[in-house]
Amino acid sequence: METSHAFSGLTCLDCGTTIPADEVSGRCPDCGGVLDPQYEYDAIELDRATLDDRTDRSQWRYRELLPFTRESAVSLDEGGTPLVECPRLADELDVGRVLVKDDGRLPTGSTADRGQSLALTAAAGLDVTDVALPSPGASAQSAAAYAARAGLDSHAFVPSRTPFTNKAMINVHGGDMNVIGGRFDDAVDAFEDAIAEEPWHSLSAFDTPYRHEGRKTALFEIVEQLDWTLPDAIVAPTGSGLSIAGLYKGARELRELGLVDDLPALYAAQAAGCAPIVEAWGDGESESSPVELPDTICGELEIPDPNGSAHVLDALAATDGGAVSVEDPEILESAVTAASSEGLEVGTSTGAALGGTWRLAERDTLAEDDCVVVLNTGAGSKDDDVLRSHLMGQGI
Ligand SMILES: [Zn+2]
């Protein structure tokens, strides 16, 4: 890999130490904290006119703000997803505008692609042959795709409930798949046992500095698509918290470069059956506590102990946002409503975000002239059986 000219190293979000990017590949060697790519913003010249002239529609159009050069990137041209106007949803919610940032249209149908592109670029530049991660499904499919592109072997640890599409495509990409009986935590345990014995490079959420980093490009795109205005709120489905962490960083960077002058309010939406960040937010805690008995239809959001929760909670507070949980029936109904009223195919995670947006509107947290962006993190077709079953429960 070849680093970009303003990329200056990795800073620990917990203890503040800065380390050259070529010296570490995971967490902070001093304290085990989360590492975050840093840039010399004074050395970056990026303005609206420069971007207007750029024909690259992928996330690499923001290459000055990414750690690696476009030429060395392990990329499937991820990024450049549409921001879809949803007037019927806006009417129903009684807000000014609702727009869905449709990351279901990324190469593997998941917003995970943004970060896996960076994470596999980094891995390909290290002396590793194998990458591995625990995953509810989508991020493992994405990792398998990008590992294939990088010429690395990949190992996924997924719970048995992982959707068929994810499992099938991990195999199709040539990845090694370990289906673990039980829930996500059991997959994490199996992953940790395996990586303790093997010289694998971890792609687990927040273990690599680059998965949360890649998510920030969604924020860059949203702001550029809104003609350099900020939405009043962005609602993101939140399992591990990578999206919130990335959106927050992206907004701070645009402000640092003078391209915007404020931050959008960020809201984390979780399933009520597994809502550690919502609970910590409500209790005013600085990090979440593990959920003892997680239980939600939404497998991607069933992350009972998100290891980056402190940074997610920081982002919610710093942007004057919040956290909201949604019960399973409302999650399913919201995803089906997006498909039936707007034609949009969204997964159950985004059902939680749409249901959460509904709650925020009911509570008057959102105002009637607000512009609200909902992040669609995954293609609806990956959850087709769950969504169809919801209709069957209604006799349809
Ligand atoms: Zn540290």
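Just the heavy atoms: all of them, side chains too, but no hydrogens, waters or symmetry mates, feed the values below. Residue numbers count from 1 along this sequence. Quick caveat, the model's predicted, so the values are computed rather than measured. Counting starts at 1 for both ligands and their atoms, following the listed order.
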Q: Please determine whether residues Leu99 and Leu230 belong to a single hydrophobic cluster, defined as Ile, Leu, Val, Met, Phe, Trp and Tyr linked transitively by side-chain heavy-atom distances below 4.5 Å.
A: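 Same cluster.
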
Q: Please answer whether the main-chain N or O of Leu259 pairs with a side-chain N or O of Arg48 as donor and acceptor at a distance below 3.5 Å.
A: yes

Q: If you leave out waters, which protein N, O or S atoms are less than 2.8 Å from the Zn ion (ligand 1)?
A: Cys12 SG, Cys15 SG, Cys28 SG, Cys31 SG

Q: Which value, rounded to the nearest 0.5 Å, describes the distance between Asp113 atom CG and Leu118 atom CG?
A: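 With rounding to 0.5 Å, CG (Asp113) is 11.5 Å from CG (Leu118).
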
Q: List for me each residue that meets side-chain hydrogen bond (donor to acceptor under 3.5 Å, both in side chains) alongside Gln225, sequence neighbours excluded, and say none if there are none.
A: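 Here the qualifying residues are Lys101.
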
Q: Between Tyr39 and Glu256, is any side-chain donor less than 3.5 angstrom from a side-chain acceptor?
A: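 Not at all, the side chains of Tyr39 and Glu256 share no donor-acceptor pair under 3.5 Å.
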
Q: Consider only side-chain heavy atoms of I, L, V, M, F, W and Y, link residues closer than 4.5 Å, and tell whether Ile195 and Val131 are in one cluster.
A: no

